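Here is the naming used below: chain letters follow the sequence lines, and residue numbers restart at 1 for every chain. Since this is a predicted model, take the numbers as computed values, not measurements.
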Amino acid sequence: MALLVLTDISMSEYYPDKIEPYWQKIWSEKKSFKPEPISEKKRKKYILEMFPYPSGNIHMGHVRNYTIGDVVARYRKAQGDNVLHPMGWDAFGMPAENAAMEKKVHPKEWTYKNIENMKAQLKSLGLSIDWEREIATCDPDYFKHQQKIFLDFYGAGIAYRKESEVNWDPVDKTVLANEQVIDGKGWRSGAPVERKVLTQWFLKISSDSQRLLDEVVKLEKWPDKVKTMQENWIGKSTGVSFEFDCFDAEEKKYDPIKVFTTRPDTLFGATFCGISIDHPISKVLKKNKKIKEFIEECRKIGTTEEAIEKAEKKGIKTGFKIKHPFIKDKFLDVYIANFILSGYGTGAIFGCPAHDQRDFEFAKKYGIEIIPVVSSEEKDKSDSLDEAYTGEGKLINSSFLNGMNIDEAKDKVIEKLIKNNKGNRETNFRLRDWGISRQRYWGCPIPIIHCDKCGIVPVPEEDLPVKLPENVDFIKPGNPLESHEKWKSISCPKCKNGAVRETDTFDTFIDSSWYFARFCELDKKQPLNISATDYWLPVDQYIGGIEHAILHLLYSRFFTNALRETGHLNISEPFYGMFTQGMVCHETYQNINGDWIEPELVTVKDNEVFHKDTGELLKKGPSEKMSKSKKNVVDPSVIIEKFGADTARWFVLSDSPPERDIFWSESGVEAAGKFIKKIWKTIVELNKLIEKNISNKNIEKTIGLRKINHKTLNNITKDLDSLSFNKVIARLYEFVGEISKISESDNIDTNAINESLSFLLIMLGPITPHLAEEGWSLFGKDRGMVCEQPWPNIEENLIAESFIRMPIQVNGKKKSEIQVDKNIDESKLKEIALNDDSIKSFIGDKEIKKLIIVPNRIINIVV
RNA sequence: GCGGCCAUGGUGGAACAGGUAGACACAAGGGACUUAAAAUCCCUCGGCAGAUAAUGCCGUCCCGGUUCGACUCCGGGUGGCCGCACCA
């Protein structure tokens, strides 16, 4: 089969607009990227990029993410693996509802239109995706299985209900997401946000804390930074929880206050007690007007940890006192304080200002005593305290602990507290249970029925999926499901009396916590097909933005384990290899009024930027992450139209390492486009040369070329294995630069040129697949497609060098360089180095103190 | 605020595991070809001194340390980015 399309007419010209759609059609018709059937004999590779939210258009971040994934997928295929490379849509979420409110378009219609558009854009990139496995999370065929999984989790006790707070906009009468709260006010209404308590669904991720911690350490193919972030997020801490006797304002004995601490050694430095605003005592004291006002003021800070920790430390005296367990007649004031987290530990602490920064700030503000109990030698000298001391040292001012180090003191105190029957060793995790209820329409309905008589009743499996009603409007405030009486009312499956549906929908993180497993097989009857997940999972290489390092990845890890516990699959860790890519940035432009201007409306003249249409002078801002709000986005489809997908792919891979942020520049794209043209020209020229079949051979040049071929192949193979695509591109620049110089008069053996061209096209295959296919169809004739070619073997004898260059340093600075045999012995090497003319002149008559030879690396002479 | 990461010429970056700093590109400047332009090709390109040489000194955000030797390791800063549990 001759796949020649344009080569006949074009030959030396490069027409991406013609060859790219052509090859995309061929790949699709031939199902080139459909994986082979499951077979344990064949090594599998599951390559996955985080699926996109269908916001309307792909952006450069997507191009980068999916190009990286595509290079890996195509490369693994060439290496002989059975590759699974699917794609789907994270299709539920807030922006669809916002569009419904703003543009009066139904979320479903808006979402599917976006999917259609973005799918076409992704296809134009020439991605090697098996589109037969496409998933949209808003499709009932997907979420019915999710509802089944939830019911299984509920049955297994993994899902439960409890009260928790949400941000409430009293004007719009709607629940706000954290990002919709700006400076404590609703983003649309501007009304001060209140907190409202709702009963919501949770998943017990906290009981998986220890496993999540143990397993993350073992994930070898994950970036260390992501592993560290997850470890810190889970936040294991060991300490002791114990009770203080507590007395109320009338000095009557009250219920004891239980505290958790990781620093029991500082107990003798305790000078106050802090409790959270939700502590039982706080709730009782709400009767007091001042305390009530204080608690309400604290609630205005917001629900995010960031807001709470940034807020000034404040508290109010309760009049309650606690009794120190080891100091006779010592009582500490109990404060309600805004920095005590109710969800962590017991919601109460003893404050030791000398050795905890937050306690220190609090104590300074309220004139509370500061007693140092840990002293280090250096610290002893400075008496003035301007911050808490958290380092090592010996215990002072601490009765029976004096003189001990911190660890000894901890043990001793804990022992004593346990003896007094007041304390227990305890392990705490920072990780909280996962709240999954959302008071929104555009999400997966939670398959639960609330019956006055029977309570919480799961929707029977045969009634799944619970679909969303279509006839909703977004004019009324609040969740449209809540006000949809007809959809809500249902008869109880148990008692047949009138009941109501759960009107909350799932957090969209649920949708993305198992899609990668669903891709293994779109089983019609059950969420997951065991034999398919056994074969394909875990994902061998998962690729996505660093912003998902904690939440999405942690939830998916937990969810996978929960799926195992409920019998849906057999593994507990979903992602074997993880790669986090950097962001795509662009310069920002503003006019005099401060309006943001799109880069496409900007022209540059003499280093100044002007508006293309109005001609006004614009202010060039710093390069920042592309975002719609600052309009510094570049629509990749414009670039694909102008230069072609291969150029766009080449450009996003070049220069910057993939884990680092990249800065978009138009000139860079043009340069990439020029070089792609040069590659095409080189392919055509070399092909002509091959057809001439040179017989008068220059052996030296032939071997030289073959060495270049194999060295390049060797380096590029290593770089692809380590995902260093920028280095791959640099080597291709060099390689093309070399082979484009070959001329007939070099008399190089045709086989060697053949090898050059064949290597070039196969190496280009993962990066610029259309160009590679077109070139292969010209060169490879009847040898099939380039995407079916195996990765060539490297001939070791061609990459080995017998001579090496060795720099000679004097006192650590390079002064000369020699070329020596690789296997030279050290004494000979020493002799050569010392007799080197320029080295001699440097040493002069100075005494040689030391001579260091690092084999095959460097010689350093110390004088 | 807490946790994590990053910083190398005018620009993006390279430097394998502590061993030649600046590969490969972009921009800029010069030249060739052309009536001209575009395209293409060639040359220069960290700073200072020197002659546009040879060569020397300085130089990887700042300060200090370890080492024969530090872009790389350690301590302390500065700046930027990401996350902080209801954005996805």
Decide yes or no, distance alone: a donor-acceptor N/O pair under 3.5 angstrom between the base of [N] and the side-chain of [X].
X	N	answer
A:Asn232	B:G3	no
A:Asn178	B:C86	no
A:Glu306	B:C84	yes
A:Gln357	B:G1	no
A:Gln200	B:C86	yes

### Task
Decide whether A:Asn65 and A:Glu49 meet the rule of one side-chain donor and one side-chain acceptor closer than 3.5 Å.
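A:Asn65 vs A:Glu49: no donor-acceptor pair found between side chains.
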
If the cut-off is 4.0 Å, is [X] near the phosphate of [N], judged by side-chain N/O to OP1 or OP2?
X	N	answer
A:Ser656	B:G12	no
A:Asn811	B:G69	no
A:Arg432	B:A85	no
A:Lys678	B:C41	yes

### Strand-adjacent residues in residues 95-102 of chain A, judged by heavy atoms under 4.0 Å from RNA chain B
none

Base, sugar-phosphate, or nothing for [X], non-hydrogen atoms under 4.0 angstrom?
X	answer
A:Lys814	base
A:Val226	nothing
A:Ile861	nothing
A:Gly435	sugar-phosphate
A:Lys718	nothing
A:Pro52	nothing
A:Asp90	sugar-phosphate
A:Lys815	sugar-phosphate
A:Gln180	nothing
A:Lys849	nothing
A:Ser654	nothing
A:His552	nothing

Flag the pair [X] / [Y] as yes when their ring centroid distance falls below 6.0 Å, and as no otherwise.
X	Y	answer
A:Trp650	A:Phe675	yes
A:Trp680	A:Tyr15	no
A:Phe143	A:Phe92	yes
A:Tyr542	A:Phe579	no

Using the [atom1] atom as the reference point in each nucleotide, state the distance between [N] and [M] in Å, no decimals.
N	M	atom1	answer
B:G69	B:C82	C1'	36 Å
B:C48	B:G30	C1'	23 Å
B:U67	B:U52	P	43 Å
B:A49	B:C41	C1'	35 Å
B:C87	B:C61	C1'	34 Å
B:G22	B:U60	C1'	9 Å
B:A32	B:A38	P	15 Å
B:G64	B:C57	C1'	23 Å

With respect to the side chain of [X], which nucleotide from [options] is positioned closest?
X	options	value
A:Tyr53	B:A85, B:A88, B:G4	B:A88
A:Met94	B:C82, B:C68, B:A88	B:A88
A:Ile858	B:U20, B:C86, B:C84	B:U20
A:Pro657	B:G13, B:U20, B:G4	B:G13
A:Glu547	B:A88, B:A85, B:G4	B:A88
A:Asn860	B:C84, B:G4, B:G19	B:G19

Taking atom [atom1] of [X] as the centre, report whether more than 12 heavy atoms of other residues, nucleotides or ligands fall under 6.0 Å from it.
X	atom1	result
A:Lys365	NZ	yes
A:Lys227	NZ	yes
A:Lys314	NZ	no

#### Entry: Result of checking A:Gln819, A:Lys815, A:Lys814 against A:Glu817 for side chain to side chain contact (heavy atoms under 4.5 Å, CB included)
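Exactly one candidate clears the test, A:Lys814.
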
Tell me: [atom1] of [X] to [atom2] of [N], nearest whole Å?
X	N	atom1	atom2	answer
A:Met60	B:G12	CE	C1'	15 Å
A:Lys677	B:C41	NZ	C1'	16 Å
A:Phe202	B:C86	CZ	C1'	11 Å
A:Tyr733	B:A25	OH	P	7 Å

### Message
My understanding is that only one of A:Phe558, A:Trp434, A:Tyr555 makes a ring-ring contact (aromatic ring centres under 6.0 Å, His included) with A:Phe509; could you say which?
### Response
A:Tyr555

### Task
Using modelled atom types only, decide if a donor and an acceptor are shared between the side chain of A:Lys162 and the backbone of A:Trp201 within a distance under 3.5 Å.
no

### Message
Please classify B:G9 as syn or anti, treating any glycosidic angle within 90° of 0 as syn.
### Response
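Base orientation: syn.
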
Output a table of nitrogen or oxygen pairs between the protein and nucleotides 8-11 of chain B separated by less than 3.5 Å.
none

### Query
Taking side chain as C-beta onward, heavy atoms only, is A:Asn178 less than 4.5 Å from A:Thr303?
yes

### Task
May I ask you to test the A:Trp233-A:Arg430 pair for a side-chain heavy-atom distance under 4.5 Å?
yes

### Task
Between A:Lys727 and A:Pro807, name the one whose nearest nucleotide on RNA chain B is closer to the 5' end.
A:Lys727

#### Entry: Given RNA chain B, 5'-ward residue of the pair A:Lys310 and A:Phe509, judged by closest heavy atom
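First, find each residue's nearest nucleotide; the 5'-ward one identifies A:Lys310.
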
Taking every non-hydrogen atom, the tightest pair across [X] and [Y]:
X	Y	value
A:Phe643	A:Gly673	CD2-CA, 4.5 Å
A:Met806	A:Asn856	CE-N, 4.1 Å
A:Ser342	A:Asp278	OG-OD2, 2.9 Å

### Query
Which dot-bracket string describes RNA chain B (Watson-Crick N1-N3 plus N6-O4 or O6-N4, or G-U N1-O2 and O6-N3, all under 3.5 Å; [ ] crossing; | other strand)?
(((((((..(((......[....))).(((((.......))))).((((.....))))..(((((..]....))))))))))))....

